[in-house]
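Sequence lines set the chain letters: A, B, ... in the order given, protein chains first and strands last, and positions in each chain run from 1. No hydrogens, no waters, no symmetry mates; every other heavy atom, side chains included, goes into these values. Since the model is a prediction, treat every value here as computed from it, not as a measurement.
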Amino acid sequence: MLQVYNTLTRTKEIFKPVKEGEVSIYACGPTVYNMPHIGNYRTFLMTDNIVRTLEYLGYKVKLVMNITDIDDKTIRDSKEAGMSLKDFTDKYTAEFFKGLDMLNIKRASAYPRATENVDGMIELARKLIEKGLAYEKGGSVYYRISGFPDYGKLSKLDFDNIIIGASVDVDEYDKDNPRDFALLKASTPEEIERGIYYESPWGKIRPGWHIECSVMAMNSFGPTLDMHIGGVDLIFPHHENEIAQSEGATGKPFVCNWVHGEHLIVEGEKMSKSRGNVFTLPEIVEKYGGEVVRFMFLSVHYRKKLDYSGAFAENAKNNYLKLKETLDNLEFALKNVEDESNPGDLETLKSLPELEIQFREALEDDFNTPKAITIFRELSRTSNVYLETGRNRQVLEQIHSLYKQFSDAFGIFAQVGKEEIPEEVASLVEEREAARKKKDWANSDVIRENIKSLGYIVQDTKEGPKVKKAEES
RNA sequence: GUCAGAAUGGCAGAGUGGUUAUGCUUCCGGCUGCAACCCGGAAUUAUGUGAGUUCAAUUCUCACUUCUGACUCCA
């Protein structure tokens, strides 16, 4: 039984989609104005893990992730870069997708853009004005918070006691209440000059930030969706405002389950430009490999802070390699096994269903990937112990099949067993085998070094030499 | 300042009102021609501090300390 922590209630709840067997998920995607950093990708990866887990549990999942391609920052920075808004955001949208591929993140069902949904936003704004929940002032449309009594239910903020941000935008000067937020912003002369504006009943406008998500989520799924995912920093104001917009307009619950991922910090500190500790994904993927980064992120529960550091990454890498080695060894054994059966071997099979259950239960416990990894390790050890002695094909196949099942659920080891050994290396290995047969250890060791210098490692096993690509470290 | 979350060995990280898992790291042993891989064993002052509830607290409660975050763009 799947249980998921819901920010709305601050408890784990039994997960039940509106439509049996199908799950609708909306996730807040990137604002495409610069290279996303590894913290952004932690959240995207968490979303991917949730999708994969739900699929592993048998649900049909539809994920929609928006791309914010018009807002203050994209407008500002595209100008600075001397590019049109579209060229500028296209560039960083491409970077965003490249990063997803680096981490083997599955594509969502759709990636709607804010700029493609302005009509819907105007429509929603009109509806909210009709209901008295929004008003026009100075060509902008604002949401009237006082008209929505539930405001604050997600963030649980006490609005009487918190300090209103010191920096109040000039264009917010006109609002009825300083906490009211913009749905649509009146275009500035500069924006109009650059062609960044949309016609509306209130004149030329461009979208505010929060309204796009309400529109795209409801366009995709109707008034109520099962799950909405984002980083913890979005709880307020972004998601609070989404609730106000959506539920204000429809009168129906917007999201059943709010899921928020904790932040990634670096050596105990927030990643920030001023501290100079911002890492982009390509930087660390180049260093450790995409799957290691993926594994590293999955080794910490999504609701816990992940404290990134070099030592942490190395640790994750060792853990990852250990699990990978087992799969390598399993596949090697499978290739070389003879079909002789030892009835006693079948004992090992009995432990597999139990591991499968434990693995599933770990994931069902609020997507507890660290716990699931522990079960994965148990399977690894079971497998290694078996490989010490046993070679029953049926047993090997069943272990392998479960191993792949776990790997796929995590989205790792997709390439294991698929790498080609270069001709040159293969012939050296043969040469070395010949030397070993003659017990010419000196020569055999020299050849092993040669192979190593080509970037490959040879291991001697009962079934003969096993060659694999060396991990650079 | 208000609010929220967190604190477990050298590192990472789970669970649990009743000998703290698991992995990495380190050491020893086995396997091996030697390695590598793997297996077995061991180690390390481990549950932030102080109270309370309890027969029993790492787990529940309270306070404190520290960290992180939200309140302003932010995954």
Examine [X] together with [Y] and report whether their ring centres are nearer than 6.0 Å.
| X | Y | answer |
| --- | --- | --- |
| A:Y92 | A:Y33 | no |
| A:Y26 | A:F254 | no |
| A:H37 | A:F279 | no |
| A:F97 | A:Y111 | yes |

Is the phosphate of [N], meaning OP1 or OP2, less than 4.0 Å from a side-chain N or O of [X]?
| X | N | result |
| --- | --- | --- |
| A:K304 | B:rA7 | yes |
| A:N368 | B:rG15 | yes |
| A:N384 | B:rC39 | yes |
| A:W441 | B:rA35 | no |
| A:K270 | B:rA75 | no |

**Reference residue A:Y403; test ring pair (Phe, Tyr, Trp, His ring centres under 6.0 Å); the match among A:F376, A:Y386, A:F410** =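 Running ring pair (Phe, Tyr, Trp, His ring centres under 6.0 Å) over A:F376, A:Y386, A:F410 with A:Y403 returns exactly one hit, A:F376.
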Select one nucleotide: of [options], the one nearest the side-chain heavy atoms of [X].
| X | options | answer |
| --- | --- | --- |
| A:D445 | B:rG33, B:rA6, B:rA75 | B:rG33 |
| A:T374 | B:rU22, B:rC24, B:rA14 | B:rU22 |
| A:R10 | B:rC71, B:rA4, B:rA75 | B:rA4 |
| A:E325 | B:rU68, B:rC38, B:rA35 | B:rC38 |
| A:K371 | B:rA75, B:rA12, B:rG15 | B:rG15 |
| A:L264 | B:rA75, B:rU68, B:rA36 | B:rA75 |
| A:K322 | B:rA75, B:rC24, B:rG33 | B:rC24 |
| A:H37 | B:rG13, B:rA75, B:rC24 | B:rA75 |
| A:E388 | B:rC38, B:rA14, B:rA75 | B:rC38 |
| A:V385 | B:rG40, B:rG13, B:rU68 | B:rG40 |

Would you measure the distance from the [atom1] atom in [N] across to the matching atom in [M] and give it in whole Å?
| N | M | atom1 | result |
| --- | --- | --- | --- |
| B:rU26 | B:rU68 | P | 31 Å |
| B:rU65 | B:rU49 | C1' | 7 Å |
| B:rA6 | B:rU44 | P | 31 Å |
| B:rG50 | B:rU19 | C1' | 27 Å |
| B:rU25 | B:rU58 | C1' | 24 Å |

If you take atom types as modelled and just measure distance, does the side chain of [X] reach the base of [N] with a donor-acceptor pair under 3.5 Å?
| X | N | value |
| --- | --- | --- |
| A:D460 | B:rC34 | yes |
| A:R432 | B:rG33 | yes |
| A:R381 | B:rC39 | no |
| A:R448 | B:rA36 | no |

**Item:** For B:rC38, the Watson-Crick or wobble partner whose two distances fall under 3.5 Å
**Value:**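 Partner of B:rC38: B:rG30.
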Classify [X] by what it touches in the nucleic acid, base, sugar-phosphate, or nothing, heavy-atom distance under 4.0 Å.
| X | value |
| --- | --- |
| A:R377 | base |
| A:G261 | nothing |
| A:N315 | base |
| A:K439 | nothing |

**Prompt:** Is it true that the NZ or CZ of A:R10 lies under 6.0 Å from the centre of A:Y5's six-membered ring and within 45 degrees of the ring axis?
**Reply:**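 No, cation not above the ring by the 6.0 Å, 45° rule.
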**Asked** A:Y302 OH to B:rG5 P: how many Å, rounded?
**Response**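 About 15 Å, once rounded to whole Å.
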